[in-house]
Number of protein chains: 2
Amino acid sequence: MSSDPNPVETPAGESPFELDHFLPYRFNVLAECMSRSLARIYQEQFGISVPEWRVLATLGRESPLSAGEVGSRAHMEKARVSRTLARMLDAGLINRQVDARDNRVAVLALTRRGQDMFRRIAPLARAWEAEMLQVLDAGEVERLHELLDRLLARLRGMRAGSDDAD
Amino acid sequence: MSSDPNPVETPAGESPFELDHFLPYRFNVLAECMSRSLARIYQEQFGISVPEWRVLATLGRESPLSAGEVGSRAHMEKARVSRTLARMLDAGLINRQVDARDNRVAVLALTRRGQDMFRRIAPLARAWEAEMLQVLDAGEVERLHELLDRLLARLRGMRAGSDDAD
DNA sequence: TGACATTAGTTTCGTGGTAAACTAATTTTC
DNA sequence: GAAAATTAGTTTACCACGAAACTAATGTCA
């Protein structure tokens, strides 16, 4: 009884709860694995962290942006954005210029150095992704993206009315 | 020039790097959304955190287990397991008994109270998952799980030889 | 049996995260 | 046009995490 492999009784007919088959758990584990694996590349070679990489990629694609715009595009809280930007300013990867029309906002862009770094990391990131995706064919990749789209939309919908936006 | 929406030139023929289409980013965002949404349920109603829920689910399915076994089953670092167990012991959710054969290991199981909590949360977690999965049909859910399986296996394989196991 | 290595688990240390308070600028309202 | 509300962004306070150091028990090998 003390070594019962299924110690908590389940109502008749129900299978026990399995963490391994539970999607939030699976997504968390997988996301963490991906982050770690990829981060190894840009952390070791370029000395930047995950949020720094996100900001770099965001401003590499579109700029100039305000801090708030960076946050919404990269799904980062404003405090995290603020600290990340401070580090990147120190490192000379971005520059910041106060908006003449509205002195609260400052407009951000990559410096030459930031652009160079982005140009060097982006292909490595793509290559890493391609290596991971070798176990999937093109159609599967497409379907995966499509499933992720729908799940994300669903999650945003589920909390509708409950609290604030994102 | 300063308002160029694609400020970093891409090599001819290549599309610019899009964070929104990059899988590690997408998985992180989605995993975080799921965690938050689900955690709202068990945090508000039962006052436990994500790692506590993981340990609860792990020991709810199989016990007794040592701390190390809990960690490997729930994909948690041993330090995190240790802290989580300490909190749960305080809260009277689990009990710990030193193994007579090996005084380094202690064997863990849910208390009556822990079992009750698990029995109450598990169906809520299932229901939450089912609600999220309403946008997918049964075949899609199955294919999603299968894709996740393969990606996870791939990631474990990619770092083969590079460093330690998990 | 006594040194050395290994293992289970805890604790420490530094870092980074979030929520909430805060500052400063701007907009709204009457 | 002053008071109140809103917004952009920073800072503070607190807490969690991971890596590494540490403790204690066990295993190994001469």
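- Residue A:A106 is in sugar-phosphate contact alone, with no base atom involved, counting any heavy-atom pair closer than 4.0 Å across all strands shown.
- B:E32 is linked by a salt bridge (charged side-chain N to carboxylate O under 4.0 Å, His left out) to B:R36, counting only residues two or more places apart in sequence or in another chain.
- Remark: A:F17 pairs with A:F22, B:W53 by the ring-ring contact (aromatic ring centres under 6.0 Å, His included) rule, at least two apart or across chains.
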Next item on the list: Let me have a per-nucleotide readout for nucleotides 14-27 of chain C, 5' to 3', with B, S or -, counting only protein heavy atoms under 4.0 Å.
Entry: --SBBB-----BS-
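- Every residue was checked against the salt bridge (charged side-chain N to carboxylate O under 4.0 Å, His left out) condition with B:E69, not counting sequence neighbours, and none meets it.
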Margin query: Under the criterion salt bridge (Lys or Arg N to Asp or Glu O under 4.0 Å), I'd like the reasoning laid out for B:R143 against A:E140: C-alpha separation, chi angles, the key distance, then a yes or no.
Written below: CA-CA 9 Å; B:R143 265 175 288 160; A:E140 287 169 332; over 6 Å; no
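- Counting to the nearest Å, the P atom of D:dA8 and the CZ atom of A:R96 are 15 Å from each other.
- Counting to the nearest Å, the P atom of D:dA16 and the CD atom of B:Q43 are 10 Å from each other.
- With rounding to whole Å, B:H75 atom NE2 is found 18 Å from D:dC17 atom C1'.
- Residues that satisfy the side chain to side chain contact (heavy atoms under 4.5 Å, CB included) test with B:D116, not counting sequence neighbours, are B:R112, B:R119.
- Looking at residues two or more places apart in sequence or on another chain, you find a side chain to side chain contact (heavy atoms under 4.5 Å, CB included) between B:L89 and B:I94, B:R96.
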